[in-house]
> 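Before I ask anything, let me first share the structure, which is written out below as structure tokens.
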There are 2 protein chains.
Amino acid sequence: MKEIEKKLNDNGVRPTAMRILIYKYLAEKDVATSLTDIEMAFAKADRTTLFRTLKTFEKQGVVHQIDDGTGVQKYALCEPGCNCELEQDLHLHFHCNNCDETVCLTEHKIPHINLPEGFVAEDANLVLKGICDKCSGQ
Amino acid sequence: MKEIEKKLNDNGVRPTAMRILIYKYLAEKDVATSLTDIEMAFAKADRTTLFRTLKTFEKQGVVHQIDDGTGVQKYALCEPGCNCELEQDLHLHFHCNNCDETVCLTEHKIPHINLPEGFVAEDANLVLKGICDKCSGQ
DNA sequence: CTGACCTATGCAACGGAAGTGCATTTATTG
DNA sequence: CAATAAATGCACTTCCGTTGCATAGGTCAG
């Protein structure tokens, strides 16, 4: 519990009760989480608070945002050494068409692509879709 | 003009006046196009018609849909041999942070990724973001 | 040619999700 | 404790995708 407070403090986020709960929730889930997911889990809290909490987390490098192609923004906790901004640090994401969950494959970086003359890449997003390990094992 | 009619017929799409115009519009633009873009260009036509036209085009393999991370769906004409459904045929897309346009890099396929045990990829989406050739040349 | 029929188009409305402005509560600091 | 800043909650807006239903327009059989 105290570790979460410390973690938030280290990232320049004031550890309020709400924020600690949200962090804990994200830590317990091992899949990317949408604002609506969190809203369901914390029915009493206001949507805006949750929204702004996520945005604060994102800005301070606590979570990174994921666009998995479903049309809804999702978030996942950054790994200890996660440098989300740098191209070479971008891992890829896997979206399961069966259970509809999205997971970070932090070990799998996006390979370097040779672009045509004149194109300069600053960022990349790679999402693979298919059947995840949990669903294919059934 | 007649080629467009033929092209649509070949794909099982009845070539109405509206559809020919939309096809022509897409052909003239070399960048991915959103429903709103088309709506602007055809102010008299109804949003729904344009929407359904795009969906029809997509289903019949005339266009493919692109998710470039901006949150709005975009579409681009399929190349002659484009097999959008097959994993090995997936090209990548480049979104320019300067001019905000998204282009197909049809020559650049998404590299094969070795996934962890249990994961089966059926589809993939790779979007690179940065500065495009037109903007970097300035 | 004409009526029946199917398809395309148009209009209205809905729903989900992101986002903003402002008031209020809670925490921090002098 | 008072003054100030930050966090939370409420109301509302906007944007986009989508659907239901009515109408217009093209197609085909008789």
Side-chain angles (χ1 to χ4, degrees), chain A residues 4-26 32-60 62-76 95 100 102 125, chain B residues 4-5 7-9 11-26 32-60 62-76 95 100 102 125:
Chain A
I4 297 179
E5 279 190 44
K6 183 173 185 314
K7 166 75 183 165
L8 291 180
N9 268 322
D10 289 351
N11 283 72
V13 177
R14 261 162 61 175
T16 67
M18 195 75 252
R19 288 173 175 175
I20 294 173
L21 284 175
I22 295 175
Y23 187 98
K24 208 158 152 244
Y25 178 73
L26 290 174
T33 310
S34 71
L35 176 58
T36 308
D37 291 336
I38 300 181
E39 208 183 344
M40 301 299 189
F42 299 92
K44 317 153 226 184
D46 188 77
R47 188 180 177 71
T48 313
T49 303
L50 304 174
F51 172 74
R52 285 200 252 245
T53 299
L54 285 173
K55 286 301 170 194
T56 304
F57 279 7
E58 187 186 2
K59 191 165 65 153
Q60 304 294 357
V62 178
V63 302
H64 60 273
Q65 212 231 57
I66 302 165
D67 172 21
D68 63 0
T70 58
V72 296
Q73 297 175 197
K74 297 192 177 162
Y75 302 86
H95 178 79
D100 240 39
T102 301
N125 183 34
Chain B
I4 297 181
E5 280 190 43
K7 165 75 184 166
L8 291 180
N9 268 322
N11 283 71
V13 177
R14 261 167 53 182
T16 67
M18 195 75 251
R19 289 173 173 175
I20 294 173
L21 284 176
I22 295 175
Y23 188 98
K24 208 157 152 248
Y25 178 73
L26 290 174
T33 309
S34 71
L35 175 58
T36 307
D37 291 337
I38 300 181
E39 208 183 345
M40 301 299 189
F42 299 93
K44 316 153 225 186
D46 186 79
R47 185 180 178 73
T48 314
T49 304
L50 305 174
F51 171 75
R52 284 200 253 247
T53 300
L54 286 174
K55 286 300 169 195
T56 305
F57 279 8
E58 187 187 2
K59 190 165 66 155
Q60 304 294 357
V62 178
V63 302
H64 60 273
Q65 212 233 54
I66 301 166
D67 171 21
D68 63 2
T70 58
V72 296
Q73 295 176 197
K74 298 192 178 164
Y75 302 86
H95 177 78
D100 240 41
T102 300
N125 183 34

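Just so we're on the same page: letters track the sequence lines, and every chain starts at 1. Source: prediction; values computed, not measured.
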> Grab the CZ-C1' distance between Phe42(A) and dG9(D) for me, whole Å please.
16 Å
> Does a side chain donor of either Asp46(A) or Thr49(A) reach within less than 3.5 Å of an acceptor in the other side chain?
no
> Under the ring-ring contact (aromatic ring centres under 6.0 Å, His included) rule, collect the residues that match up with Tyr75(A), sequence neighbours excluded.
none
> For the atom pair CG (Asn125(B)) and CD1 (Ile66(B)), what is the distance rounded to the nearest 0.5 Å?
9.0 Å
> For nucleotides 21-27 of chain C, print each protein N/O atom paired with a nucleotide N/O atom at under 3.5 Å, atom names and distance only.
{"from": "dG21(C)", "atom 1": "O6", "to": "Arg52(A)", "atom 2": "NH2", "distance (Å)": "2.9"}

> Which whole-number value in Å describes the distance from Asp46(A) CG to dA18(C) P?
14 Å
> Tell me which donor-acceptor pairs under 3.5 Å the side chains of residues 15-23 of chain A have, and how far apart each pair is, sequence neighbours excluded?
{"from": "Thr16(A)", "atom 1": "OG1", "to": "Arg19(A)", "atom 2": "N", "distance (Å)": "3.3"}
{"from": "Arg19(A)", "atom 1": "NH1", "to": "Arg14(A)", "atom 2": "O", "distance (Å)": "3.0"}

> How would you list, by chain and number, every residue that makes a ring-ring contact (aromatic ring centres under 6.0 Å, His included) with Phe51(B), sequence neighbours excluded?
none
> Provide, to the nearest angstrom, the distance between the NZ atom belonging to Lys44(B) and the P atom belonging to dG10(C).
11 Å
> To the closest 0.5 Å, what do you measure between CD (Gln73(A)) and CG (Asp68(A))?
10.5 Å
> Think Thr49(A) has a side-chain N or O under 4.0 angstrom from the OP1 or OP2 of dG9(D)?
yes
> Take the protein atom CD of Glu39(B) and the nucleotide atom C1' of dT18(D), then report the distance between them rounded to whole Å.
14 Å
> Scan residues 49-60 of chain A for pairs that pass salt bridge (Lys or Arg N to Asp or Glu O under 4.0 Å), counting only residues two or more places apart or in two chains.
Lys55(A)-Glu58(A)
> Nearest-Å distance, CG (Leu50(B)) to P (dT18(D))?
14 Å
> Please produce a list of atom pairs where a protein N or O lies less than 3.5 Å from an N or O of nucleotides 13-17 of chain D.
{"from": "dG17(D)", "atom 1": "OP1", "to": "Gln73(B)", "atom 2": "N", "distance (Å)": "2.9"}

> Calculate the interatomic distance between Met18(B) atom CE and dG25(D) atom P; express it in whole Å.
14 Å
> Given Val63(A), which of Thr53(A), Leu26(A), Asn11(A) fulfils the side-chain contact (heavy atoms from CB on, under 4.5 Å) condition?
Leu26(A)
> Taking C-beta and beyond as the side chain, do Thr102(A) and Lys74(A) meet within less than 4.5 Å on heavy atoms?
yes
> Starting from C1' on dA7(D), measure out to CG on Leu21(A) and report it in whole angstrom.
15 Å
> Measure from CD1 on Ile38(A) to P on dT8(D) and round the result to the nearest Å.
13 Å
